[in-house]
Protein chains: 2
Amino acid sequence: MKYSSQTRLLVAVDCVIFGFDGTDYKLLLIQRGFAPEKEKWSLMGGFIQPNESADEAASRILEQLTGLTEVYMEQIQAFSTPERDPIERVIALPYVALIDIEKYKTQINDDFHARWYNIKSLPNMIFDHKEMVELALNKLRYKAAFHPILFELLPEKFTLPQLQAMYEGLYDTKIDKRNFTRKVLSTNLLKKENEKDKSSSKKGAFYYSLDEEHYKENFTNIHNFIPRNEIPVGNE
Amino acid sequence: MKYSSQTRLLVAVDCVIFGFDGTDYKLLLIQRGFAPEKEKWSLMGGFIQPNESADEAASRILEQLTGLTEVYMEQIQAFSTPERDPIERVIALPYVALIDIEKYKTQINDDFHARWYNIKSLPNMIFDHKEMVELALNKLRYKAAFHPILFELLPEKFTLPQLQAMYEGLYDTKIDKRNFTRKVLSTNLLKKENEKDKSSSKKGAFYYSLDEEHYKENFTNIHNFIPRNEIPVGNE
DNA sequence: TGGTATAGTGTAAAAAATACAGTTAATAAT
DNA sequence: ATTATTAACTGTATTTTTTACACTATACCA
(Lines give C-alpha, C1' and ligand atoms only; values in the text may rest on other atoms or scores of the structure.)
Protein backbone atom coordinates (compact mmCIF):
# COMPACT_ATOMS: atom_id res chain seq x y z
CA MET A 1 0.00 0.00 0.00
CA LYS A 2 1.37 3.32 -1.08
CA TYR A 3 0.25 6.90 -1.64
CA SER A 4 0.48 5.98 -5.26
CA SER A 5 -0.87 9.02 -7.03
CA GLN A 6 1.42 11.53 -5.38
CA THR A 7 4.58 13.08 -6.70
CA ARG A 8 7.79 12.26 -4.92
CA LEU A 9 10.56 14.81 -4.60
CA LEU A 10 14.23 14.92 -3.90
CA VAL A 11 15.03 16.10 -0.41
CA ALA A 12 18.49 17.31 0.47
CA VAL A 13 20.19 18.70 3.52
CA ASP A 14 22.68 21.54 3.21
CA CYS A 15 25.14 22.34 5.97
CA VAL A 16 25.86 25.93 6.87
CA ILE A 17 29.08 25.35 8.76
CA PHE A 18 30.46 28.22 10.78
CA GLY A 19 33.79 28.44 12.49
CA PHE A 20 35.54 31.21 14.39
CA ASP A 21 39.26 31.88 14.15
CA GLY A 22 39.63 34.19 17.12
CA THR A 23 38.74 37.30 15.17
CA ASP A 24 36.36 36.45 12.40
CA TYR A 25 33.56 34.08 11.57
CA LYS A 26 34.23 31.78 8.68
CA LEU A 27 31.93 29.72 6.54
CA LEU A 28 33.07 26.40 5.16
CA LEU A 29 32.29 26.12 1.45
CA ILE A 30 33.10 23.55 -1.18
CA GLN A 31 33.57 23.70 -4.88
CA ARG A 32 30.74 21.96 -6.57
CA GLY A 33 32.10 19.10 -8.60
CA PHE A 34 29.38 18.78 -11.21
CA ALA A 35 27.21 20.84 -13.51
CA PRO A 36 25.35 23.10 -13.42
CA GLU A 37 27.46 25.76 -11.80
CA LYS A 38 30.38 23.37 -11.62
CA GLU A 39 33.30 24.83 -9.63
CA LYS A 40 31.14 27.53 -8.13
CA TRP A 41 31.00 27.67 -4.36
CA SER A 42 28.37 25.77 -2.51
CA LEU A 43 27.33 24.58 0.89
CA MET A 44 28.15 20.97 1.57
CA GLY A 45 24.98 19.02 1.02
CA GLY A 46 23.52 15.73 0.05
CA PHE A 47 20.31 13.89 -0.52
CA ILE A 48 18.46 12.21 2.27
CA GLN A 49 18.86 8.47 1.91
CA PRO A 50 16.06 5.95 2.36
CA ASN A 51 17.28 4.75 5.72
CA GLU A 52 18.12 8.01 7.45
CA SER A 53 16.38 11.00 8.99
CA ALA A 54 17.29 14.55 8.04
CA ASP A 55 19.29 14.95 11.24
CA GLU A 56 21.21 11.81 10.44
CA ALA A 57 21.83 12.97 6.91
CA ALA A 58 23.14 16.29 8.17
CA SER A 59 25.51 14.58 10.60
CA ARG A 60 26.68 12.23 7.90
CA ILE A 61 27.39 15.05 5.51
CA LEU A 62 29.15 17.13 8.11
CA GLU A 63 31.31 14.17 9.03
CA GLN A 64 32.15 13.45 5.40
CA LEU A 65 33.57 16.90 5.03
CA THR A 66 35.07 17.63 8.40
CA GLY A 67 35.53 14.27 10.06
CA LEU A 68 33.72 15.70 13.06
CA THR A 69 30.86 14.11 14.97
CA GLU A 70 28.90 15.27 17.98
CA VAL A 71 28.75 18.78 16.68
CA TYR A 72 26.13 21.35 17.54
CA MET A 73 23.68 21.38 14.64
CA GLU A 74 20.26 22.82 14.24
CA GLN A 75 17.76 22.59 11.48
CA ILE A 76 16.59 25.80 9.93
CA GLN A 77 13.69 26.52 7.67
CA ALA A 78 13.04 24.37 4.60
CA PHE A 79 13.66 25.91 1.18
CA SER A 80 11.08 24.63 -1.20
CA THR A 81 10.35 26.81 -4.18
CA PRO A 82 9.92 24.53 -7.18
CA GLU A 83 12.57 26.19 -9.33
CA ARG A 84 15.38 26.56 -6.83
CA ASP A 85 17.51 23.89 -8.43
CA PRO A 86 17.54 24.15 -12.22
CA ILE A 87 18.24 20.47 -12.77
CA GLU A 88 15.29 19.10 -10.93
CA ARG A 89 13.12 20.10 -8.05
CA VAL A 90 14.85 19.61 -4.69
CA ILE A 91 13.50 20.47 -1.25
CA ALA A 92 16.41 21.64 0.86
CA LEU A 93 16.60 21.34 4.62
CA PRO A 94 19.47 23.56 5.71
CA TYR A 95 21.30 22.98 8.97
CA VAL A 96 23.55 25.35 10.90
CA ALA A 97 26.61 23.82 12.46
CA LEU A 98 29.14 25.44 14.73
CA ILE A 99 32.55 23.87 14.83
CA ASP A 100 35.78 24.54 16.59
CA ILE A 101 37.97 25.61 13.73
CA GLU A 102 41.05 24.12 15.35
CA LYS A 103 39.55 20.66 15.58
CA TYR A 104 38.59 20.83 11.95
CA LYS A 105 42.12 21.48 10.80
CA THR A 106 43.28 18.06 11.81
CA GLN A 107 40.54 16.17 10.06
CA ILE A 108 39.93 17.95 6.82
CA ASN A 109 38.83 15.95 3.85
CA ASP A 110 40.47 17.36 0.77
CA ASP A 111 38.25 15.62 -1.74
CA PHE A 112 35.81 18.46 -1.71
CA HIS A 113 38.17 21.38 -2.21
CA ALA A 114 36.75 23.05 0.83
CA ARG A 115 37.70 26.54 1.90
CA TRP A 116 36.90 28.82 4.77
CA TYR A 117 35.47 32.16 3.73
CA ASN A 118 35.16 35.12 6.02
CA ILE A 119 31.44 35.78 6.38
CA LYS A 120 32.09 39.41 5.57
CA SER A 121 33.30 38.56 2.08
CA LEU A 122 31.48 35.53 0.82
CA PRO A 123 31.88 34.46 -2.79
CA ASN A 124 28.98 33.96 -5.14
CA MET A 125 27.21 30.79 -4.28
CA ILE A 126 24.99 28.46 -6.22
CA PHE A 127 21.21 28.48 -6.14
CA ASP A 128 19.80 30.00 -2.97
CA HIS A 129 22.71 29.08 -0.75
CA LYS A 130 23.43 32.70 0.01
CA GLU A 131 19.93 33.09 1.42
CA MET A 132 20.43 30.03 3.55
CA VAL A 133 23.58 31.51 4.98
CA GLU A 134 21.84 34.80 5.72
CA LEU A 135 19.01 32.99 7.42
CA ALA A 136 21.42 30.89 9.41
CA LEU A 137 23.42 33.90 10.51
CA ASN A 138 20.31 35.72 11.55
CA LYS A 139 19.10 32.80 13.53
CA LEU A 140 22.48 32.43 15.14
CA ARG A 141 22.61 36.09 16.12
CA TYR A 142 19.17 35.92 17.59
CA LYS A 143 19.67 32.72 19.46
CA ALA A 144 23.18 33.44 20.72
CA ALA A 145 21.89 36.58 22.40
CA PHE A 146 19.81 34.43 24.74
CA HIS A 147 21.39 31.01 24.77
CA PRO A 148 25.00 29.91 25.24
CA ILE A 149 25.32 28.27 21.84
CA LEU A 150 28.51 30.05 20.87
CA PHE A 151 30.28 28.17 23.61
CA GLU A 152 30.17 25.23 21.20
CA LEU A 153 32.75 26.95 19.05
CA LEU A 154 35.34 27.00 21.77
CA PRO A 155 38.05 24.53 22.64
CA GLU A 156 37.81 22.78 25.98
CA LYS A 157 39.67 25.55 27.74
CA PHE A 158 39.19 29.14 26.75
CA THR A 159 39.58 32.60 28.20
CA LEU A 160 37.02 35.30 28.80
CA PRO A 161 38.65 37.61 26.26
CA GLN A 162 38.32 34.82 23.69
CA LEU A 163 34.68 34.35 24.51
CA GLN A 164 34.05 38.04 24.31
CA ALA A 165 35.78 38.26 20.95
CA MET A 166 33.38 35.61 19.67
CA TYR A 167 30.39 37.66 20.66
CA GLU A 168 31.92 40.84 19.34
CA GLY A 169 32.65 39.11 16.07
CA LEU A 170 29.16 37.76 15.63
CA TYR A 171 27.47 41.07 16.26
CA ASP A 172 30.28 43.13 14.78
CA THR A 173 30.34 45.38 17.79
CA LYS A 174 32.37 46.22 20.87
CA ILE A 175 31.09 45.08 24.23
CA ASP A 176 32.13 46.48 27.58
CA LYS A 177 34.48 44.00 29.19
CA ARG A 178 33.27 44.46 32.75
CA ASN A 179 29.62 44.11 31.90
CA PHE A 180 30.24 41.14 29.66
CA THR A 181 32.27 39.33 32.28
CA ARG A 182 29.65 39.94 34.91
CA LYS A 183 26.85 38.59 32.72
CA VAL A 184 28.73 35.53 31.59
CA LEU A 185 29.91 34.56 35.04
CA SER A 186 26.48 35.12 36.56
CA THR A 187 25.13 32.32 34.37
CA ASN A 188 27.17 29.82 36.37
CA LEU A 189 27.97 28.00 33.16
CA LEU A 190 31.70 28.37 33.56
CA LYS A 191 34.37 26.97 35.80
CA LYS A 192 37.57 28.91 36.34
CA GLU A 193 40.75 26.93 35.89
CA ASN A 194 44.01 27.70 37.66
CA GLU A 195 45.99 27.78 34.46
CA LYS A 196 46.54 30.82 32.29
CA ASP A 197 46.71 31.28 28.57
CA LYS A 198 49.83 33.27 27.83
CA SER A 199 49.55 33.31 24.08
CA SER A 200 47.93 36.68 23.72
CA SER A 201 49.31 38.77 26.52
CA LYS A 202 52.14 39.02 28.94
CA LYS A 203 49.91 38.91 31.94
CA GLY A 204 48.03 35.93 30.63
CA ALA A 205 44.30 35.29 30.92
CA PHE A 206 42.80 32.61 33.10
CA TYR A 207 41.29 29.63 31.35
CA TYR A 208 37.67 28.73 31.90
CA SER A 209 35.86 25.59 30.94
CA LEU A 210 32.22 24.64 30.68
CA ASP A 211 30.65 23.45 33.86
CA GLU A 212 29.08 20.53 32.02
CA GLU A 213 26.39 19.91 34.56
CA HIS A 214 25.16 23.48 34.72
CA TYR A 215 25.60 23.82 31.00
CA LYS A 216 23.21 21.04 30.12
CA GLU A 217 20.70 22.00 32.77
CA ASN A 218 20.71 25.66 31.90
CA PHE A 219 21.21 25.45 28.18
CA THR A 220 17.61 26.30 27.39
CA ASN A 221 17.37 29.04 30.01
CA ILE A 222 17.17 32.55 28.80
CA HIS A 223 20.30 34.53 29.40
CA ASN A 224 21.29 37.93 28.22
CA PHE A 225 24.72 37.87 26.75
CA ILE A 226 24.74 40.99 24.72
CA PRO A 227 23.25 44.47 25.04
CA ARG A 228 19.69 44.72 23.90
CA ASN A 229 20.28 47.18 21.14
CA GLU A 230 22.79 44.90 19.48
CA ILE A 231 20.29 42.10 19.05
CA PRO A 232 19.21 42.14 15.43
CA VAL A 233 15.52 42.47 14.81
CA GLY A 234 14.87 38.80 14.43
CA ASN A 235 11.92 36.59 14.06
CA GLU A 236 13.01 33.39 15.62
CA MET B 1 19.32 16.12 -16.94
CA LYS B 2 18.27 14.76 -13.58
CA TYR B 3 19.76 13.52 -10.33
CA SER B 4 18.82 10.14 -11.63
CA SER B 5 20.29 7.80 -9.08
CA GLN B 6 18.67 9.39 -6.05
CA THR B 7 15.58 8.32 -4.16
CA ARG B 8 12.61 10.64 -4.21
CA LEU B 9 10.34 11.00 -1.22
CA LEU B 10 6.88 12.21 -0.43
CA VAL B 11 6.85 15.58 1.26
CA ALA B 12 3.80 16.75 3.13
CA VAL B 13 2.85 19.80 5.12
CA ASP B 14 0.79 19.44 8.28
CA CYS B 15 -1.03 22.38 9.79
CA VAL B 16 -1.09 22.87 13.53
CA ILE B 17 -4.00 25.27 13.71
CA PHE B 18 -4.59 27.04 16.99
CA GLY B 19 -7.55 29.15 17.94
CA PHE B 20 -8.55 30.86 21.16
CA ASP B 21 -12.11 31.08 22.42
CA GLY B 22 -11.64 33.71 25.09
CA THR B 23 -10.64 31.24 27.76
CA ASP B 24 -8.89 28.30 26.20
CA TYR B 25 -6.64 27.43 23.34
CA LYS B 26 -8.11 25.01 20.85
CA LEU B 27 -6.50 22.88 18.21
CA LEU B 28 -8.32 22.15 14.97
CA LEU B 29 -8.21 18.45 14.14
CA ILE B 30 -9.81 16.37 11.45
CA GLN B 31 -10.85 12.78 11.25
CA ARG B 32 -8.62 10.98 8.85
CA GLY B 33 -10.69 9.59 6.04
CA PHE B 34 -8.51 6.72 4.98
CA ALA B 35 -6.48 3.86 6.38
CA PRO B 36 -4.33 3.34 8.30
CA GLU B 37 -5.74 4.87 11.42
CA LYS B 38 -8.88 5.82 9.57
CA GLU B 39 -11.19 7.95 11.71
CA LYS B 40 -8.48 8.73 14.19
CA TRP B 41 -7.69 12.38 14.77
CA SER B 42 -5.10 14.05 12.68
CA LEU B 43 -3.68 17.41 11.76
CA MET B 44 -4.90 18.71 8.43
CA GLY B 45 -2.17 17.99 5.94
CA GLY B 46 -1.39 17.29 2.35
CA PHE B 47 1.37 16.53 -0.04
CA ILE B 48 3.39 19.24 -1.68
CA GLN B 49 2.40 19.47 -5.31
CA PRO B 50 4.84 19.84 -8.18
CA ASN B 51 4.03 23.49 -8.76
CA GLU B 52 3.98 24.86 -5.24
CA SER B 53 6.35 25.68 -2.40
CA ALA B 54 5.83 24.37 1.10
CA ASP B 55 4.45 27.74 2.20
CA GLU B 56 1.98 27.68 -0.64
CA ALA B 57 0.97 24.14 0.17
CA ALA B 58 0.38 25.11 3.79
CA SER B 59 -1.78 28.05 2.78
CA ARG B 60 -3.72 25.91 0.36
CA ILE B 61 -4.38 23.28 2.97
CA LEU B 62 -5.38 25.79 5.59
CA GLU B 63 -7.76 27.42 3.17
CA GLN B 64 -9.28 24.09 2.18
CA LEU B 65 -10.23 23.42 5.75
CA THR B 66 -11.03 26.86 7.09
CA GLY B 67 -11.69 29.02 4.07
CA LEU B 68 -9.22 31.50 5.53
CA THR B 69 -6.37 33.18 3.72
CA GLU B 70 -3.79 35.70 4.89
CA VAL B 71 -3.35 33.90 8.14
CA TYR B 72 -0.28 34.00 10.34
CA MET B 73 1.65 30.81 9.61
CA GLU B 74 5.11 29.72 10.39
CA GLN B 75 7.08 26.69 9.45
CA ILE B 76 8.44 24.55 12.21
CA GLN B 77 11.01 21.82 12.17
CA ALA B 78 10.82 19.02 9.62
CA PHE B 79 9.89 15.55 10.84
CA SER B 80 11.81 13.03 8.89
CA THR B 81 12.36 9.68 10.55
CA PRO B 82 11.95 7.02 7.90
CA GLU B 83 9.25 5.06 9.70
CA ARG B 84 6.98 7.85 10.83
CA ASP B 85 4.24 6.97 8.36
CA PRO B 86 3.63 3.22 8.17
CA ILE B 87 2.33 3.31 4.62
CA GLU B 88 5.31 4.91 3.02
CA ARG B 89 8.03 7.26 3.97
CA VAL B 90 6.83 10.87 4.17
CA ILE B 91 8.84 13.90 5.18
CA ALA B 92 6.53 16.23 7.07
CA LEU B 93 6.90 19.98 7.25
CA PRO B 94 4.62 21.16 10.02
CA TYR B 95 3.28 24.69 10.13
CA VAL B 96 1.75 26.55 13.05
CA ALA B 97 -1.20 28.75 12.23
CA LEU B 98 -3.08 31.11 14.50
CA ILE B 99 -6.62 31.90 13.53
CA ASP B 100 -9.38 34.00 14.94
CA ILE B 101 -11.82 31.37 16.03
CA GLU B 102 -14.78 33.60 15.26
CA LYS B 103 -13.79 34.11 11.66
CA TYR B 104 -13.41 30.39 11.21
CA LYS B 105 -16.95 29.65 12.28
CA THR B 106 -18.39 31.31 9.24
CA GLN B 107 -16.27 29.46 6.75
CA ILE B 108 -15.92 25.97 8.05
CA ASN B 109 -15.66 23.16 5.54
CA ASP B 110 -17.57 20.20 6.85
CA ASP B 111 -16.07 17.66 4.47
CA PHE B 112 -13.27 16.95 6.87
CA HIS B 113 -15.24 16.38 10.05
CA ALA B 114 -13.11 18.91 11.80
CA ARG B 115 -13.36 19.61 15.49
CA TRP B 116 -11.77 22.00 17.94
CA TYR B 117 -10.06 20.29 20.84
CA ASN B 118 -8.95 22.06 23.97
CA ILE B 119 -5.17 21.79 24.04
CA LYS B 120 -5.40 20.56 27.60
CA SER B 121 -7.28 17.45 26.57
CA LEU B 122 -6.16 16.39 23.15
CA PRO B 123 -7.31 13.06 21.74
CA ASN B 124 -4.94 10.41 20.51
CA MET B 125 -3.53 11.46 17.22
CA ILE B 126 -2.02 9.57 14.33
CA PHE B 127 1.69 9.10 13.75
CA ASP B 128 3.80 11.79 15.37
CA HIS B 129 1.20 14.51 15.20
CA LYS B 130 1.14 14.87 18.95
CA GLU B 131 4.85 15.68 18.92
CA MET B 132 4.27 18.27 16.24
CA VAL B 133 1.64 19.90 18.39
CA GLU B 134 3.94 19.93 21.41
CA LEU B 135 6.72 21.44 19.36
CA ALA B 136 4.38 24.03 17.93
CA LEU B 137 3.05 24.97 21.35
CA ASN B 138 6.52 25.28 22.73
CA LYS B 139 7.61 27.46 19.89
CA LEU B 140 4.50 29.57 20.28
CA ARG B 141 5.08 30.04 24.00
CA TYR B 142 8.64 31.02 23.42
CA LYS B 143 7.99 33.38 20.59
CA ALA B 144 4.89 35.00 22.04
CA ALA B 145 6.88 36.03 25.09
CA PHE B 146 8.97 38.32 22.90
CA HIS B 147 6.92 39.08 19.82
CA PRO B 148 3.32 40.18 19.41
CA ILE B 149 2.21 37.14 17.47
CA LEU B 150 -0.81 36.38 19.63
CA PHE B 151 -2.35 39.60 18.41
CA GLU B 152 -3.07 37.64 15.23
CA LEU B 153 -5.68 35.66 17.08
CA LEU B 154 -7.78 38.66 17.91
CA PRO B 155 -10.63 40.26 16.06
CA GLU B 156 -10.12 43.74 14.70
CA LYS B 157 -11.23 45.33 17.94
CA PHE B 158 -10.38 43.77 21.24
CA THR B 159 -10.04 44.74 24.87
CA LEU B 160 -7.03 44.58 27.15
CA PRO B 161 -8.70 41.99 29.38
CA GLN B 162 -9.22 39.83 26.30
CA LEU B 163 -5.59 40.20 25.31
CA GLN B 164 -4.47 39.38 28.80
CA ALA B 165 -6.67 36.30 28.90
CA MET B 166 -4.91 35.10 25.75
CA TYR B 167 -1.54 35.34 27.38
CA GLU B 168 -2.78 33.80 30.58
CA GLY B 169 -4.28 30.95 28.62
CA LEU B 170 -1.14 30.22 26.67
CA TYR B 171 1.11 30.13 29.70
CA ASP B 172 -1.55 28.78 32.01
CA THR B 173 -0.82 31.41 34.58
CA LYS B 174 -2.17 34.59 36.10
CA ILE B 175 -0.53 37.86 35.17
CA ASP B 176 -0.82 41.10 37.12
CA LYS B 177 -3.24 43.36 35.29
CA ARG B 178 -1.40 46.61 35.95
CA ASN B 179 1.97 45.31 34.90
CA PHE B 180 0.57 43.63 31.82
CA THR B 181 -1.25 46.75 30.69
CA ARG B 182 1.82 48.87 31.15
CA LYS B 183 4.00 46.53 29.13
CA VAL B 184 1.54 46.13 26.30
CA LEU B 185 0.80 49.82 25.96
CA SER B 186 4.48 50.73 26.11
CA THR B 187 5.03 48.81 22.89
CA ASN B 188 3.00 51.41 21.02
CA LEU B 189 1.42 48.66 19.01
CA LEU B 190 -2.11 49.52 20.06
CA LYS B 191 -4.57 52.30 19.38
CA LYS B 192 -7.32 52.97 21.89
CA GLU B 193 -10.80 53.25 20.43
CA ASN B 194 -13.59 55.34 21.95
CA GLU B 195 -16.00 52.47 21.97
CA LYS B 196 -16.43 49.96 24.77
CA ASP B 197 -17.12 46.27 24.79
CA LYS B 198 -19.98 45.68 27.19
CA SER B 199 -20.31 41.98 26.71
CA SER B 200 -18.29 40.89 29.67
CA SER B 201 -18.93 43.52 32.31
CA LYS B 202 -21.30 46.24 33.29
CA LYS B 203 -18.65 48.87 33.23
CA GLY B 204 -17.43 47.78 29.81
CA ALA B 205 -13.85 47.67 28.60
CA PHE B 206 -12.42 49.98 26.00
CA TYR B 207 -11.63 48.52 22.64
CA TYR B 208 -8.17 48.67 21.22
CA SER B 209 -7.00 47.93 17.71
CA LEU B 210 -3.63 47.31 16.14
CA ASP B 211 -1.75 50.36 15.10
CA GLU B 212 -0.94 48.77 11.75
CA GLU B 213 2.01 50.95 10.98
CA HIS B 214 3.77 50.43 14.29
CA TYR B 215 2.77 46.79 14.24
CA LYS B 216 4.55 46.00 11.02
CA GLU B 217 7.56 48.12 11.83
CA ASN B 218 7.98 46.73 15.31
CA PHE B 219 6.87 43.18 14.76
CA THR B 220 10.36 41.79 14.87
CA ASN B 221 11.43 43.91 17.84
CA ILE B 222 11.94 42.20 21.10
CA HIS B 223 9.28 42.96 23.62
CA ASN B 224 8.61 41.45 26.98
CA PHE B 225 5.01 40.51 27.33
CA ILE B 226 5.14 38.10 30.16
CA PRO B 227 7.14 37.74 33.35
CA ARG B 228 10.50 36.11 32.92
CA ASN B 229 9.83 33.14 35.08
CA GLU B 230 6.78 32.16 33.04
CA ILE B 231 8.73 31.80 29.84
CA PRO B 232 9.19 28.10 29.26
CA VAL B 233 12.72 26.89 28.89
CA GLY B 234 12.76 26.97 25.16
CA ASN B 235 15.27 26.50 22.47
CA GLU B 236 13.95 28.58 19.67
C1' DT C 1 -30.39 53.87 45.71
C1' DG C 2 -27.46 50.60 46.96
C1' DG C 3 -25.32 46.29 45.29
C1' DT C 4 -22.32 44.04 42.19
C1' DA C 5 -18.87 42.82 39.00
C1' DT C 6 -15.28 43.92 36.15
C1' DA C 7 -12.24 47.83 34.35
C1' DG C 8 -8.91 50.87 35.35
C1' DT C 9 -5.08 53.08 37.65
C1' DG C 10 -0.07 54.48 40.67
C1' DT C 11 3.82 53.87 43.52
C1' DA C 12 7.54 52.02 46.04
C1' DA C 13 11.06 48.45 46.09
C1' DA C 14 14.02 45.23 43.83
C1' DA C 15 16.59 43.67 40.09
C1' DA C 16 18.96 44.22 35.89
C1' DA C 17 21.48 46.83 32.64
C1' DT C 18 24.47 50.33 31.60
C1' DA C 19 28.29 53.65 31.58
C1' DC C 20 32.61 54.43 32.92
C1' DA C 21 38.64 54.14 34.32
C1' DG C 22 42.15 52.88 37.24
C1' DT C 23 45.08 48.86 38.93
C1' DT C 24 47.48 44.46 38.27
C1' DA C 25 50.35 41.03 36.36
C1' DA C 26 53.84 39.33 33.55
C1' DT C 27 57.13 39.98 30.15
C1' DA C 28 60.41 42.62 27.44
C1' DA C 29 63.63 46.23 26.96
C1' DT C 30 67.03 49.18 28.82
C1' DA D 1 67.53 45.97 38.60
C1' DT D 2 64.53 49.29 36.89
C1' DT D 3 61.28 50.74 33.68
C1' DA D 4 58.16 50.33 29.88
C1' DT D 5 54.61 47.81 27.69
C1' DT D 6 50.47 45.34 26.96
C1' DA D 7 46.44 43.14 27.89
C1' DA D 8 43.76 41.25 32.04
C1' DC D 9 41.22 42.33 35.69
C1' DT D 10 38.03 44.67 38.83
C1' DG D 11 33.93 48.12 41.24
C1' DT D 12 30.55 51.64 41.63
C1' DA D 13 27.10 54.98 40.68
C1' DT D 14 23.18 55.76 37.66
C1' DT D 15 19.47 54.50 34.91
C1' DT D 16 16.14 51.49 33.36
C1' DT D 17 13.22 47.69 33.83
C1' DT D 18 10.60 44.62 36.40
C1' DT D 19 8.00 43.38 40.07
C1' DA D 20 4.69 43.43 43.92
C1' DC D 21 0.79 45.16 45.55
C1' DA D 22 -4.84 47.44 46.49
C1' DC D 23 -7.98 50.79 45.93
C1' DT D 24 -11.28 53.56 42.99
C1' DA D 25 -14.39 54.08 38.96
C1' DT D 26 -18.03 52.80 35.97
C1' DA D 27 -22.26 51.12 34.40
C1' DC D 28 -25.83 48.09 34.96
C1' DC D 29 -29.23 45.68 37.79
C1' DA D 30 -32.26 44.63 41.55
Side-chain angles (χ1 to χ4, degrees), chain A residues 22-23 144-148 154 157-169 171 173-209 218 221-231, chain B residues 22-23 144-146 154 157-169 171 173-209 218 221-231:
Chain A
T23 311
F146 300 113
H147 301 282
L154 289 163
K157 290 177 181 182
F158 53 89
T159 68
L160 292 181
Q162 276 169 23
L163 185 63
Q164 181 168 346
M166 270 190 8
Y167 277 89
E168 292 182 339
Y171 299 95
T173 188
K174 275 292 191 189
I175 301 175
D176 181 87
K177 194 168 29 173
R178 289 160 289 189
N179 295 337
F180 181 78
T181 304
R182 187 186 306 113
K183 283 179 177 183
V184 167
L185 293 181
S186 75
T187 64
N188 282 109
L189 295 170
L190 302 187
K191 276 201 312 248
K192 189 175 187 173
E193 305 286 325
N194 288 322
E195 216 179 329
K196 275 183 168 184
D197 165 42
K198 295 274 179 57
S199 66
S200 71
S201 80
K202 290 160 186 167
K203 181 177 178 179
F206 278 104
Y207 278 120
Y208 285 79
S209 63
N218 296 336
N221 286 2
I222 293 169
H223 303 284
N224 247 312
F225 292 110
I226 69 151
R228 253 181 221 293
N229 58 8
E230 299 293 343
I231 303 176
Chain B
T23 311
F146 300 113
L154 288 164
K157 291 177 180 179
F158 53 88
T159 67
L160 292 181
Q162 276 171 23
L163 185 63
Q164 182 169 344
M166 271 191 8
Y167 277 89
E168 293 181 337
Y171 299 95
T173 188
K174 275 293 191 188
I175 301 175
D176 181 88
K177 192 167 36 168
R178 288 160 290 190
N179 293 339
F180 181 77
T181 304
R182 187 186 307 114
K183 283 178 176 182
V184 167
L185 293 181
S186 76
T187 64
N188 281 110
L189 296 171
L190 302 187
K191 275 201 314 246
K192 188 175 187 174
E193 305 287 325
N194 288 321
E195 218 177 329
K196 275 185 168 184
D197 166 42
K198 294 272 180 56
S199 66
S200 70
S201 80
K202 290 160 187 168
K203 180 176 178 178
F206 278 105
Y207 279 120
Y208 286 78
S209 62
N218 297 336
N221 287 3
I222 294 170
H223 304 284
N224 246 314
F225 292 109
I226 69 150
R228 253 180 222 294
N229 58 7
E230 298 294 342
I231 304 176

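Everything quoted here is computed from the prediction, not taken from an experiment. In what follows, chains are A, B, ... by sequence order, proteins preceding strands, each numbered from 1.
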Inset, instruction - Between protein and nucleotides 11-19 of chain D, map the contacts as a letter string: B base, S sugar-phosphate only, - none, heavy atoms under 4.0 Å, written 5' to 3'. - result: BB-----SB
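Between the A:His147 side chain and the A:Ile222 main chain, no donor and acceptor come within less than 3.5 Å of each other.
Rounded to an integer number of Å, the gap from B:Lys177 NZ to C:dA5 P is 14 Å. Look at NZ on A:Lys202: it is 12 Å from C1' on D:dT3, rounded to the nearest Å. D:dC9 atom C1' lies 16 Å from atom CD of A:Gln162, rounded to whole Å. What separates NZ of A:Lys174 from C1' of C:dT18 is a distance of 18 Å, to the nearest Å. Whole-Å rounding puts the A:Asp197 CG to D:dC9 P distance at 10 Å. Across the protein-nucleic acid pair, B:Gln164 atom CD and C:dT6 atom C1' stand 12 Å apart, rounded to whole Å. Following rounding to the nearest Å, A:Phe180 (CZ) and C:dA19 (C1') show an atom-to-atom distance of 17 Å. Separating the CZ atom of B:Phe158 from the P atom of C:dA7 is a distance of 15 Å, rounded to the nearest angstrom.
Proximity of B:Lys198 to the phosphate of D:dC28: a side-chain N or O atom is located under 4.0 Å from OP1 or OP2. The phosphate of D:dT5 (OP1 or OP2) has no side-chain N or O of A:Ser201 nearer than 4.0 angstrom.
Counting heavy-atom neighbours within 6.0 Å of A:Asn229 CG, excluding the residue itself, gives a total above 12.
Residues B:Phe146 and B:Asn224 form a side-chain contact, since some pair of their non-hydrogen atoms from C-beta on lies under 4.5 Å apart. Within the 4.5 Å cutoff, side-chain heavy atoms of A:Thr159 are placed close to those of A:Tyr207. Here the side chains of B:Lys177 and B:Gln164 are in contact, with some heavy-atom distance below 4.5 Å. Between A:Ile175 and A:Phe225, every side-chain heavy-atom pair lies at or beyond the 4.5 Å cut-off. Residues B:Leu160 and B:Leu190 form a side-chain contact, since some pair of their non-hydrogen atoms from C-beta on lies under 4.5 Å apart.
Position along DNA chain D of the nearest nucleotide to A:Lys192 versus A:Ser200 favours A:Ser200 as the more 5'-ward residue.
Backbone-only engagement by A:Lys196 is indicated by non-hydrogen atom pairs under 4.0 Å involving sugar-phosphate atoms exclusively.
At a cut-off of 3.5 angstrom, the base of D:dA8 holds at least one donor-acceptor pair with the side chain of A:Lys203.
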